[in-house]
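This report concerns only the one structure given below.
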Amino acid sequence: MKNIKQRSSYRMIITIGALLMLISCTTQPPTDLTGENIIPKPVSVTATGDYFCLGPKAVIYVQDQSGENSAIGNYLSSVLKPATGFNLEVKQTGEIPGKGNILLTLSGAGQVGDEGYILTVTKKLITIAANKPAGLFNGIQTLRQLFPAEIESKTVQDIDWHIAGGTITDYPAYSYRGAMLDVTRHFFTADEVKRYIDLISAYKINKLHLHLSDDQGWRIEIKSWPNLTLYGSKTEVGGGVGGYYTQEQYSDIVKYGDEHFVTIIPEIDMPGHTNAALASYPELNINGKAPELYTGTEVGFSTLATKKEITYKFIEDVFGELAKLTTGPYMHIGGDESHVTKKEDYIPFVERVQDIVIGLGKTPIGWDEIALGKLRPGVIPQYWSSAVNANKAVEQGAKLLMSPSSRAYIDMKYDSLTRIGYTWAGLIEVDKAYNWDPATLEKGIGKENIIGIEAALWAETITTMKDIEYLAFPRLPGLAEVGWTEASARNWDEYKIRLGNHAKRFIIMDIGYYPSKLVPWVE
Ligand code: TNX
């Protein structure tokens, strides 16, 4: 008798133990949503004091009549899978989800615009509501940051997937939040570019501007001008082997960008910064002679022959091929530092190139010097150094893209000891990259004159993905917040605490960040 009793109570203990193991979520959950370290900082966060626990049986419900956003459901499932080990099912249905699930819906978001979202966490359900799939994507980036940092792990982690309850309502201050990567001075592979897309999109950056041509190398296959890559791609700064993207690889980058709501913007810099093209085709030179390939770091010594018709045929062909491969609305025409192009040649050249790009159905972007000439309607000048040019652009009614070199040039060193980087625009510590307001930076340029901001990473001194990460992190998340969060809601002393709490995520994501002494890192 006693034996039977003992056995059944053993069984009971074993059953309870097994049940506890099955029902995960047994550790102390977080309950204050307002205390989470979200970057960029959302517009509003309210907490309810309870929490949600994600389990293996959760279903991702996607509600959308058009069927447009089923891909985003799969994306969320794939984001959560590696660390949780859960194979979360995605259901495209109008059904009301039961307890323990996630709902992505394109209704009920209200006044949050095209990129905003409302994220609601109750004990029963996580809901992300948005007007557009881009808003759902942004809501998912916030959701990632609400889970424990281990959610970013590539291997299954045995922890509870709790998040605090409440509501986040969020939308961006600026519609254009960009990063520029120079793949000319040193070449970076398509996989490295994709990793950069992963990293920037996690902070809601929605544009990647690729600087595809410069003196030191031509990086994109153009079928009608094959020597550009057969010859002009084979160098880089310091004499390395260079490289280029085939059109197929470029299209794959564009597609990967689209899947992450990052618009790819191809730049062909001209009329200066063109030595690689000039070396590949003698007819593009004023004197008809091809120069040697170039592997130094000087700027401002090359120019296309602006008075030759063949030059415009070249530009039409190059942008024509690129326009077909580029799904986004923009193409960047460069226009910077054309020191050996006469001003009377530069202005009509840049005006004609704008017309070519507009004729191809795209919107030109160009460095601020293009405001020296007439800007076609809708063209976006990118402010990098000249307040005079920027004001000329505003006088012409243009909206500016703000990349002030003293704040947003993340190829600058952090301090004098930084092992890579330049110093010509000053040292840019993490606080300096964060602590500025695009709308008050230059006299005469207000928020109404600005489309957004872009963090530029020039590549003279960097050669590896780890170098990219070191210069971009942690300045890039700060610049992402400059673009997303209204200046009145930002404050360095508060931000640095949130940033410090991202260290664990950086480590798990294998981001080789610069551990600035100004930030209280919590590893
Ligand atoms: C200036 S910024 C440049 C680039 C260099 C960069 C280095 C701009 C429009 N032109 O050609 O790579 O400085 O920091």
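Counting starts at 1 for both ligands and their atoms, following the listed order. FYI, the numbering just counts along the sequence from 1. All values below come from the heavy atoms of this structure, side chains included, with hydrogens, waters and symmetry mates left out.
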My understanding is that only residues two or more places apart in sequence, or in another chain, count here; which of them pass salt bridge (charged side-chain N to carboxylate O under 4.0 Å, His left out) with E460? R185

Do T306 and K342 have a side chain donor and acceptor closer than 3.5 Å? no

Short N or O separations between ligand 1 and the protein, below 3.5 Å:
unit_1   : atom_1 : unit_2 : atom_2 : d
ligand 1 : 10 (N) : D336   : OD2    : 2.9
ligand 1 : 10 (N) : E337   : OE1    : 3.1
ligand 1 : 11 (O) : R185   : NH2    : 2.9
ligand 1 : 11 (O) : E337   : OE1    : 3.3
ligand 1 : 12 (O) : R185   : NH1    : 2.7
ligand 1 : 12 (O) : E460   : OE1    : 3.4
ligand 1 : 12 (O) : E460   : OE2    : 2.6
ligand 1 : 14 (O) : D411   : OD2    : 2.6
ligand 1 : 14 (O) : W424   : NE1    : 2.7

Going from CD1 on I315 to CD1 on I356, what distance comes out if it is rounded to the nearest 0.5 angstrom? 5.0 Å

With rounding to the nearest 0.5 angstrom, report the CG to CD1 distance, L199 to I468. 9.0 Å

Atom pair NZ (K255) and NZ (K194), whose distance is rounded to the nearest 0.5 Å: 8.0 Å

Do E115 and N206 pair up side chain to side chain, a donor and an acceptor below 3.5 Å, judged on atom types alone? yes

